[in-house]
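FYI, side chains are in, hydrogens and waters are out, and symmetry mates aren't considered; it's all heavy atoms of this structure. What you are looking at is a predicted structure, and each value in this text was computed from that prediction instead of being measured.
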Amino acid sequence: MSLKRDEMTGAQFFRKNWDGVLTSNELSDEADDFAREYLNIHNDIYTATDFAEILAAGLPTVYHVEDTIENYRIIEPVISERYRDWKRQKTDITKAVAAAAY
């Protein structure tokens, strides 16, 4: 599969539109909360477990993963599923807290 003219990876988008920098200012509060939990961000150190285990498996380091639309198509459904799980968990916690209040 090749990159279509109007398709770009996330990294390509950030380089083109935001000088390669993604901060919480570019995210909604919910997206920022998810990203911080998903990436386990603490003191600007993060882990990208899915990225490392799926895209970098067999490569010397995560920095050897190519920035391609094919790799995006591999990792996007995984991240989307993690987001759905995270959102369900937050909804369940909110319901439990509300139920406990009554």
Side-chain angles (χ1 to χ4, degrees):
M1 237 181 265
S2 63
L3 189 63
K4 293 179 185 173
R5 184 177 172 178
D6 61 341
E7 289 182 309
M8 66 176 70
T9 67
Q12 292 165 350
F13 176 84
F14 296 121
R15 279 192 300 275
K16 179 179 179 182
N17 295 291
W18 292 323
D19 296 324
V21 178
L22 174 65
T23 68
S24 57
N25 293 333
E26 286 81 33
L27 301 174
S28 68
D29 290 342
E30 180 177 86
D32 186 51
D33 289 347
F34 169 71
R36 288 181 179 283
E37 191 170 321
Y38 176 69
L39 296 173
N40 194 23
I41 296 173
H42 299 287
N43 299 320
D44 293 329
I45 298 172
Y46 70 92
T47 57
T49 305
D50 289 330
F51 185 85
E53 292 178 356
I54 295 168
L55 295 179
L59 298 176
T61 71
V62 295
Y63 301 105
H64 288 83
V65 175
E66 291 185 46
D67 181 22
T68 65
I69 199 69
E70 289 82 6
N71 280 336
Y72 166 79
R73 288 183 179 130
I74 291 168
I75 201 67
E76 185 279 328
V78 175
I79 295 171
S80 291
E81 183 59 30
R82 298 279 193 246
Y83 173 72
R84 286 188 294 274
D85 290 345
W86 176 83
K87 195 143 170 108
R88 271 191 296 272
Q89 182 182 35
K90 293 209 48 103
T91 300
D92 291 347
I93 291 169
T94 302
K95 287 179 182 177
V97 169
Y102 291 107

[X] side, atom [atom1]; [Y] side, atom [atom2] - distance, nearest 0.5 Å:
X: Thr9; Y: Phe14; atom1: OG1; atom2: CZ; value: 9.0 Å
X: Ile79; Y: Ile74; atom1: CD1; atom2: CD1; value: 12.0 Å
X: Arg73; Y: Glu7; atom1: CZ; atom2: CD; value: 4.5 Å
X: Met8; Y: Arg15; atom1: CE; atom2: CZ; value: 10.0 Å
X: Asp67; Y: Gln12; atom1: CG; atom2: CD; value: 4.5 Å
X: Arg82; Y: Leu39; atom1: CZ; atom2: CG; value: 11.5 Å

What heavy-atom pair brings [X] and [Y] nearest, and what distance separates the two atoms?
X: Arg84; Y: Pro77; value: NH2-O, 4.5 Å
X: Ala31; Y: Ser28; value: N-OG, 3.0 Å
X: Asn71; Y: Thr68; value: N-OG1, 3.0 Å

Name all residues meeting the ring-ring contact (aromatic ring centres under 6.0 Å, His included) criterion together with Phe34; count only those two or more places apart in sequence or in a different chain, and write none if there are none.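 Scan of Phe34 (ring-ring contact (aromatic ring centres under 6.0 Å, His included), adjacent residues dropped) gives Tyr38, Tyr83, Trp86.
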
Does Leu27 offer a backbone N or O that forms a donor-acceptor pair with the side chain of Asp32 under 3.5 Å? no

Salt-bridge present (Glu81, Arg88; N to O < 4.0 Å):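 Arg88 and Glu81: salt-bridged.
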
List for me each residue that meets side chain to side chain donor-acceptor pair (under 3.5 Å) alongside Thr61, sequence neighbours excluded, and say none if there are none.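 Side chain to side chain donor-acceptor pair (under 3.5 Å) list for Thr61, sorted by chain: His64.
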
